[in-house]
Number of protein chains: 2
Amino acid sequence: MFKELDPLLHSQLRLAVMSLLISVEEAEFTFIKEKTGATAGNLSVQIDKLKQAGYITVNKSFRDNYPLTQCKITKKGIKCFEIYVENLKSYLKPA
Amino acid sequence: MFKELDPLLHSQLRLAVMSLLISVEEAEFTFIKEKTGATAGNLSVQIDKLKQAGYITVNKSFRDNYPLTQCKITKKGIKCFEIYVENLKSYLKPA
DNA sequence: ATAAAGTAGTTTATAAAATAAACTAAAATA
DNA sequence: TATTTTAGTTTATTTTATAAACTACTTTAT
């Protein structure tokens, strides 16, 4: 009947992050922050959760003297996102 | 870019309840419990939240000596569910 | 008649999650 | 050189989800 929804993805902000990364393949922290409208603190926490789960990789470096955090979705992340979207449909379609 | 997701509906169990009520128009507590696989306690709490928000109406009576709780989606509930589904699409479609 | 088990829930307590506020550290600018 | 800005992280607080415990009654078995 109703499929399980990956709790890691069933979160507005983390879902938005994954949705962005699915399309752009790589994105900077500040870009994600701007696109999602999230606060830096919240975004930092949620990105870390996605990283811990292996859904994204995070690369930290410097650009023009400033810290630069880049995020990239993993194969696992893509797979889990697709499954989530598929499972979500069981809640949206009228029976 | 990303639309706001009604936090009341962005919950696996409450969304399942609303999804059921959208299609059947009226359902008993035990029916919802069975279909969603939720515990009675959890379901009781979530149904109350949906009721408080005016998304459903709850009618309590007795049938064959046992308490009977019937739930029905409201016009407001239908509208909010539809908006939720619409807004959710902004997260699912690859840009 | 009464003890045990079952039905249909509600309330309370606990765990987990989301979020905001405060903080760090350095760079740019006035 | 003091102030503001950039780019974040960490910690604390609030909210949410969930499970455990409880209520109240009914049915069935003894």
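Order of the sequence lines fixes the chain letters, A, B, ..., with proteins taken first and strands second; residue numbering starts at 1 for each chain. Computed from a predicted model, the values in this text were never measured in an experiment.
By the ring-ring contact (aromatic ring centres under 6.0 Å, His included) test, B:F81 is found to be paired with no residue, residues two or more places apart in sequence or in another chain being considered. B:N59 pairs by the side chain to side chain donor-acceptor pair (under 3.5 Å) definition with nothing, not counting sequence neighbours.
Of the residues in residues 24-34 of chain A, not one comes within less than 4.0 Å of DNA chain C through any heavy atom.
Taking the six-membered ring for Trp and thresholds of 30 and 60 degrees, B:H10 and A:H10 have nearly parallel ring planes, at less than 30 degrees apart.
For the pair B:Y55 and B:C80, the tightest heavy-atom approach, listed with the atom from each and the gap, is OH-SG, 3.5 Å.
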Does the side-chain contact (heavy atoms from CB on, under 4.5 Å) test come out yes or no for B:L21 and B:L50, once each step is laid out?
CA-CA 12 Å; B:L21 293 181; B:L50 291 172; 5.8 Å; no
Carefully, step by step, assess A:V17 and A:Q46 under the rule side-chain contact (heavy atoms from CB on, under 4.5 Å).
CA-CA 9 Å; A:V17 171; A:Q46 305 312 329; 5.7 Å; no
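If you measure from atom CZ of B:F62 to atom P of D:dT27, you get 12 Å, rounded to the nearest angstrom. Rounded to a whole Å, the NZ atom of A:K60 is 13 Å from the P atom of D:dA7. One interatomic measurement links the two molecules: CG of B:L68 to C1' of D:dT26, which rounds to 15 Å at whole-angstrom precision. As a whole-Å value, the separation of B:K51 NZ from C:dG9 C1' is 13 Å.
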Which atoms of nucleotides 2-4 of chain C (N or O only) lie under 3.5 Å from a protein N or O atom, and what are those distances?
none

Can you give me the N/O atom pairs linking the protein to nucleotides 25-30 of chain C at distances under 3.5 Å, or say none if there are none?
from   : atom 1 : to    : atom 2 : distance (Å)
C:dA28 : OP1    : A:N65 : ND2    : 3.4

With the criterion being N/O to N/O and under 3.5 Å, what pairs connect the protein with nucleotides 14-18 of chain D, and how long is each?
from   : atom 1 : to    : atom 2 : distance (Å)
D:dA17 : OP1    : B:R14 : NH2    : 3.3
D:dA17 : OP2    : B:R14 : NH1    : 2.5
D:dA17 : OP2    : B:R14 : NH2    : 2.9

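Between B:T69 and C:dG9, a side-chain N or O to OP1/OP2 separation shorter than 4.0 Å is present.
Using a 4.5 Å heavy-atom threshold, the side chains of A:T36 and A:Q12 count as separate. Side chains of A:Q70 and A:V58 form no contact here, defined as non-hydrogen atoms less than 4.5 Å apart.
If you check every strand for non-hydrogen atoms under 4.0 Å, A:L43 touches nothing.
Although no hydrogens or angles enter the test, the distance criterion places a donor-acceptor pair under 3.5 Å between the side chain of A:S23 and the main chain of A:S19. At distances below 3.5 Å, not a single donor-acceptor pair connects side-chain atoms of B:N87 with backbone N or O atoms of B:L5. Between the side chain of B:S90 and the backbone N or O of B:K3 there is at least one donor-acceptor pair closer than 3.5 Å.
If you run salt bridge (Lys or Arg N to Asp or Glu O under 4.0 Å) between A:E28 and each of A:R63, A:K33, A:K35, only A:R63 comes through.
Remark: C:dA30 base-pairs with D:dT1; criterion is Watson-Crick or G-U wobble with both hydrogen-bond distances under 3.5 Å.
Atom NZ of A:K79 has 12 or fewer neighbouring heavy atoms from other residues, nucleotides or ligands inside a 6.0 Å radius.
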